[in-house]
Amino acid sequence: MARLPGAAVDFARFLAGLTARLDRRSGWLAVFLERDPDGMRACLAGSELPPWDVVDALLQDLAADQGAAAARTEAAIARTLHAAATAAHDAGPGAAAALAGRLDGMLREQRYAAERLQELTAHRATATTQEAAAALDVDLAWAEDDHRRATARCAELRARSDALAPPAAAVPAPAPAAPERPAKQTKPRKRPRGGARFAGIAGEAAEPPQPPAPVAPVPAAAVRGARFAGVTDPAEEPAPSRPGPEDAHAAGGAVAHLHALRAQGRGGEAHVLLAELAGWPAPRLPLLAAELHRAGLEADWATLLWEVAALPPAGLVAAADALAAAGRGADARQLLRQGVARPAPEIADALHLLTGDGRDRQARALAGAYLAVRSPEDAAGVARSDPDRLVPLLLDAARGVSEERHWDLVHAFRVAGVLA
């Protein structure tokens, strides 16, 4: 520990003291030790930093054991030490690339948890015996916890990455509305309980017609997160439009229904509804944002953005355009950053599809968002699949980020052998 930053050592000592006061056989501490003992040891040694949701869960254990007053005192100390340790970890060499890699892995975990939640919800609705329903209720509770934690960790990693990244490029002019998202049936998949590694340290690669308002519950198995491969022919995309009274009515009804589901503790159905709303026309997205914030459902807005970020490129850019046009520029930039947190081959495929269909403006927007948050070496991996087409596109987009990023990219391309 002598070679670790002082702030990392201080937090590790605090964490060791906190866990020493807890019962290792019960509560969240027992869960974390069972799920990832190696990760827990690394955090106690100071070489890795647990995400805040883990620290918060341990403070919940402390409140249960020693009372809320004791937990509140420790929480204030924990916040200060965790923030300082985070800054120390992120000040090291290669921190930006490491955070981007972890965000990639955690985004996959978040998507898996969402899909698992949808599948379990669908099977719970068709359970034929009390025993089967009870077993599915247990699995649903764990799946909801996995999804909440993965979403929180993605947000935490994204905030840390944003603090190290140059300013994002401006969102371009409006684009066509989002294409429809494909629906397909799936069978529930088995996976060891616990989902993502608890500390988020070594996580490795670890749709529909618009319903009238109020919105009825959506068949869970029919809603799936779209990938870049779902790009449609440009002629099939509807023309851009401004939201009208019917859009406002639909958005209000959808959020009212979501609020009712949350109040009844029906989290699985709530997430299925959010996944469906992500496939609505782009102009409705700012209306949903306003309604969700008005209803106090800010966490659901964050989840909805993650679902929209999984749309094909045309839908992703159209959604960002709609948010920017409605004065929600920060949300638009966040959406683009989330949408490019994917492996290089997926980004390359998306740029191929967009440029091949003549949608150059959307390709430049996607490339600019990627370059604003990913390393030049990552971009070289994107360009390698088709240097003749992608090198000029990426270099042009890099100039929109900064002159320094442009020259860094030229250097990375030369080192990778994709530019003479």
Please assess V54 against R153 for the test side chain to side chain contact (heavy atoms under 4.5 Å, CB included), listing each intermediate value before the final yes or no.
CA-CA 10 Å; V54 170; R153 293 168 195 182; 3.7 Å; yes
Just do the side chain to side chain contact (heavy atoms under 4.5 Å, CB included) check on R124 and L120 with the steps written out, would you?
CA-CA 6 Å; R124 175 62 177 84; L120 287 170; over 6 Å; no
Verify side chain to side chain contact (heavy atoms under 4.5 Å, CB included) between L366 and Y370, making sure each step is shown before the conclusion.
CA-CA 6 Å; L366 190 65; Y370 186 80; 5.9 Å; no
Test side chain to side chain contact (heavy atoms under 4.5 Å, CB included) on L287 and W280; report intermediate values, then the result.
CA-CA 11 Å; L287 300 177; W280 276 18; over 6 Å; no
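The two atoms that bring L311 and A278 nearest to each other are CD1-O, 3.6 Å, heavy atoms only. Closest approach of A363 to L351, counting heavy atoms only: O-CD2, 3.5 Å. The nearest pair of heavy atoms linking R111 to A309 is NH2-O, 4.1 Å. Looking at every heavy atom in both residues, L62 comes nearest to A71 through CD2-CA, 4.0 Å. Between A30 and R25, the closest heavy-atom pair is CB-C, 3.6 Å. A pairwise comparison of heavy atoms in A322 and P286 identifies O-CG, 3.5 Å as the closest pair.
Tested against H147, the residues E115, Q110, R116 include a single side-chain hydrogen bond (donor to acceptor under 3.5 Å, both in side chains) partner, Q110.
In this structure, CG on L305 lies 9.5 Å from CG on L292, to the nearest 0.5 angstrom. Taking CG from L335 and CG from L285, the interatomic distance works out to 7.0 Å, rounded to the nearest 0.5 Å. Rounded to the nearest 0.5 Å, atoms CG (D56) and CZ (R79) are 7.0 Å apart. Taken from CG in L297 to OG1 in T303, the straight-line distance is 10.5 Å, to the nearest 0.5 Å. The OG1 atom of T19 sits 5.0 Å away from the CG atom of L44 when rounded to the nearest 0.5 Å. Here CD1 of I77 is found 10.0 Å from CG of L59. Values are rounded to the nearest 0.5 Å.
In this structure the side chain of Q334 never reaches within 4.5 angstrom of the side chain of L323, judged on heavy atoms. You'll find the side chain of R262 reaches within 4.5 Å of the side chain of D300, heavy atoms only. Proximity of C154 to M106: side-chain heavy atoms (C-beta onward) are separated by under 4.5 Å at one or more points. No side-chain heavy atom of T151 sits under 4.5 Å from any side-chain heavy atom of R148. At least one side-chain heavy atom of L15 sits under 4.5 Å from a side-chain heavy atom of P50. Two residues are said to be in side-chain contact when any heavy atoms from C-beta on lie closer than 4.5 Å; E377 and V415 fail this criterion.
Under 4.0 Å is where a charged nitrogen must lie from a carboxylate oxygen, and between R333 and D162 no such pair does. Between D65 and R21, none of the side-chain N atoms (NZ, or NE/NH1/NH2) sits under 4.0 Å from a carboxylate O, so this pair counts as no salt bridge. Using a cut-off of 4.0 Å between Lys/Arg side-chain N and Asp/Glu carboxylate O, R294 and E291 are scored as salt-bridged. Using a cutoff of 4.0 Å between basic side-chain nitrogens and carboxylate oxygens, R108 and E346 are not scored as salt-bridged.
Panel note: side chain D61, backbone L29; a donor-acceptor pair is recorded below 3.5 Å. R405 places a side-chain N or O within donor-acceptor distance of the main-chain N or O of L371, the cut-off being under 3.5 Å.
The ring pair (Phe, Tyr, Trp, His ring centres under 6.0 Å) contacts involving residues 43-64 comprise W52-H82, where partners must be two or more places apart or lie in separate chains.
Annotation: Q130, atom CD; neighbour count of heavy atoms from other residues, nucleotides and ligands within 6.0 Å does not exceed 12. Counting non-hydrogen atoms of other residues, nucleotides and ligands closer than 6.0 Å to NE2 of H411 gives a total of 12 or fewer. Around NE2 of H259, the count of heavy atoms belonging to other residues, nucleotides or ligands within 6.0 Å does not exceed 12. Annotation: E34, atom CD; neighbour count of heavy atoms from other residues, nucleotides and ligands within 6.0 Å does not exceed 12. Within a 6.0 Å radius of CD in Q264, more than 12 heavy atoms belonging to other residues, nucleotides or ligands are found.
In this pair, W28 and F32 present their aromatic rings parallel. The plane angle is below 30°, not in the 30 to 60° band.
If you check the side chains of E307 and H271, you find a donor sitting under 3.5 Å from an acceptor.
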